[in-house]
Protein chains: 2
Amino acid sequence: MGKCEQCIIKEFNSLKTLTNDELVRISNCKTSRIVKKGEIIFEEGDILKGIYCVREGICKLTKLSSNGKDQIIKLVVKGELIGQRSLVSDESVNLSAIALNDMELCFLPKSEIINDLQKNTNFTFDLLKEMAHDLKEADDIIVNMAQKSVRQRLAETLIYINDSFGTKSDGTLSVLLSREDFANIIGTATESTIRVLSQFKKEDLITTIGKQIKIIDLEGLKRVE
Amino acid sequence: MGKCEQCIIKEFNSLKTLTNDELVRISNCKTSRIVKKGEIIFEEGDILKGIYCVREGICKLTKLSSNGKDQIIKLVVKGELIGQRSLVSDESVNLSAIALNDMELCFLPKSEIINDLQKNTNFTFDLLKEMAHDLKEADDIIVNMAQKSVRQRLAETLIYINDSFGTKSDGTLSVLLSREDFANIIGTATESTIRVLSQFKKEDLITTIGKQIKIIDLEGLKRVE
DNA sequence: TTTAAAATATGACATATATCATGTTTTGTT
DNA sequence: AACAAAACATGATATATGTCATATTTTAAA
């Protein structure tokens, strides 16, 4: 099993602030986990005893609404941590994490990390920064949900995925989501999502190859109202 | 001017984790500010050079949507801090803060507090806890916005205000908001808010005395679909 | 390769909510 | 107290989105 202190992935998250000694200690307690596409990493209500570091793959964080529909709150990719909240709270998690493709995760037990939280202010401070950033993003999502049309939200989601996660060599979005996933991100019915995608195709803003989506007029998408 | 180390308000926020010495030092640099109802405390885009501690009154944190409508993200009451994000980031604030009634605020300069962030892990850890909590709440709001009807969101907002901020002696909600404010919380048109409030009245879930609202069937409101 | 299941697509229709118009009440100001 | 301005209220109508039905295509499995 790889060693945290040599792992390049940590550079993308708060673990980069830990000292070599701290990383060696954590590395000795970590466990690796392979998760297949569609598998549940953890579920709303579970008690997390540590955090996950995503070494490979993508997952969605979802929350079940009282009407029975899932809402996707965030997409998490290679390099990011999941479950940071477990470090500061013993409550159960409020979100589920589900793999969108095959993933490789490292599980770092809270019991080991909690020491560093207490001693290494850099680490705590970096976690704080990341949470502050997440909070800012959450504010934006709230405004979008509350004030924008399905058409606008879908356009912005496509732009977001394009800008944040990039495209494959053929130009299609590298994060492959089902139409239902898109619907669960923007908070609408799957049929509405499909309909708006069809509109976007007719307006030559995107093309589709099967379920793959390729943005052909990014500026046009930005102008969608 | 009062002294932080003797101020009871700090017990309600992260400042409670600071030592007496730290509080004395901050107290010497703080400034007090009286803000009238409707006044702007800070605006989206401003650079905050510290945090505010709310000693008296209530304010709303709002964000302007690209369609020109304001969205209320959070209500902040006596005891809470505003602008914590300025402590971990030099970016401009992403929200505006506007007083909902006459307020008394203490401004604590970042330059003084930043020391404590670096030295006192308890303080950083407590901030982290509060942000984690805010993030959890933001997740709930996102799901509500995305998945629930205006009727449900208004009912939940009334319940939230009732449970979090309480009522006056006559039973009306102690936080007095305009119909437009309600509309900006739940992300709908003011007319729709007024209409749904009228429905709630007809269904004997609430009564109104002018713009004041009194919940008369809390359980009924919880059952709204 | 064949077949079943899942995902995508589209039409028809129902419904919630926005918008515009207009009137009434409340609030604040001189 | 009188007045103007703001907030509240309600009707009529338009529009966006949800829901249900039903094809079609794609994917996964036997």
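A, B, ... follow the sequence lines: proteins, then strands. Residue 1 opens every chain. Worth saying up front: this structure is predicted, and the values here are computed from it rather than measured.
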Let me know, please, whether Thr188(A) or Ser178(B) comes out on the 5' side of the other along DNA chain D by nearest nucleotide.
Ser178(B)

Residue whose closest nucleotide on DNA chain D lies nearer the 5' end, Gly187(A) versus Lys211(A)
Gly187(A)

Partner set under side chain to side chain donor-acceptor pair (under 3.5 Å) for Lys60(B), not counting sequence neighbours:
Asp181(B)

Enumerate the residue pairs fulfilling side chain to side chain donor-acceptor pair (under 3.5 Å) with a member in residues 26-38 of chain B, sequence neighbours excluded, ordered by first and then second residue.
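For residues 26-38 of chain B, and leaving out neighbouring residues, the side chain to side chain donor-acceptor pair (under 3.5 Å) pairs sorted by first residue read Arg33(B)-Tyr52(B).
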
Please list, in 5' to 3' order, the outermost nucleotides of DNA chain C lying under 4.0 Å from any heavy atom of chain A.
dT8(C) to dA12(C)

Assign each of Lys202(A) and Ala189(B) the nucleotide of DNA chain C bearing its closest heavy atom; nearer the 5' end lies the nucleotide of Lys202(A)

What does the inter-axis angle of the helix from dT1(C)-dA30(D) to dT30(C)-dA1(D) come out as, five pairs per end, nearest 10 degrees?
50°

Report yes or no: do Gln71(B) and Gln147(A) form a side-chain donor-acceptor pair below 3.5 Å?
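There is such a pair (donor and acceptor under 3.5 Å, judged by atom type) between the side chains of Gln71(B) and Gln147(A).
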
Trace of the side-chain contact (heavy atoms from CB on, under 4.5 Å) decision for Phe165(A) with Leu173(A)
CA-CA 8 Å; Phe165(A) 311 122; Leu173(A) 296 177; over 6 Å; no

Using 4.0 Å as the upper bound for N to carboxylate O, is an ion pair formed by Lys211(A) and Glu180(A)?
no

Ionic contact status for Lys222(A) with Asp217(A), cut-off 4.0 Å
no

Rounded to the Å, how far apart are [X] [atom1] and [N] [atom2]?
X: Ile209(A); N: dT25(D); atom1: CD1; atom2: P; value: 17 Å
X: Glu225(B); N: dG18(D); atom1: CD; atom2: P; value: 18 Å
X: Arg151(A); N: dG18(D); atom1: CZ; atom2: P; value: 15 Å

Does Lys78(A) form a side-chain contact (heavy atoms from CB on, under 4.5 Å) with Arg55(A)? I'd like the steps, not just the answer.
CA-CA 5 Å; Lys78(A) 181 174 162 178; Arg55(A) 270 180 62 83; over 6 Å; no

Determine, stepwise, if the pair Glu91(A) / Lys136(B) fulfils salt bridge (Lys or Arg N to Asp or Glu O under 4.0 Å).
CA-CA 11 Å; Glu91(A) 292 171 33; Lys136(B) 197 171 179 175; 2.4 Å; yes

Salt bridge (charged side-chain N to carboxylate O under 4.0 Å, His left out) partners of Glu44(A), counting only residues at least two apart
Lys63(A)

Closer than 3.5 angstrom, by distance alone: can the side chain of Ser86(A) be matched with the main-chain N or O of Gly50(A) as a donor-acceptor pair?
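Yes; judged by distance alone, with no hydrogens or angles, the pair exists.
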
Letter per nucleotide, 5' to 3', of nucleotides 9-16 of chain D [B base touched, S only sugar-phosphate touched, - untouched; heavy atoms, 4.0 Å]
BBBB----

Nearest non-hydrogen partners of Leu221(B) and Ile206(B), listed with the distance
CD1-CG2, 4.4 Å

Mind checking if Lys148(B) touches a base, just sugar-phosphate, or nothing, with heavy atoms under 4.0 Å?
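The answer is nothing, as Lys148(B) stays clear of every strand by at least 4.0 Å.
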
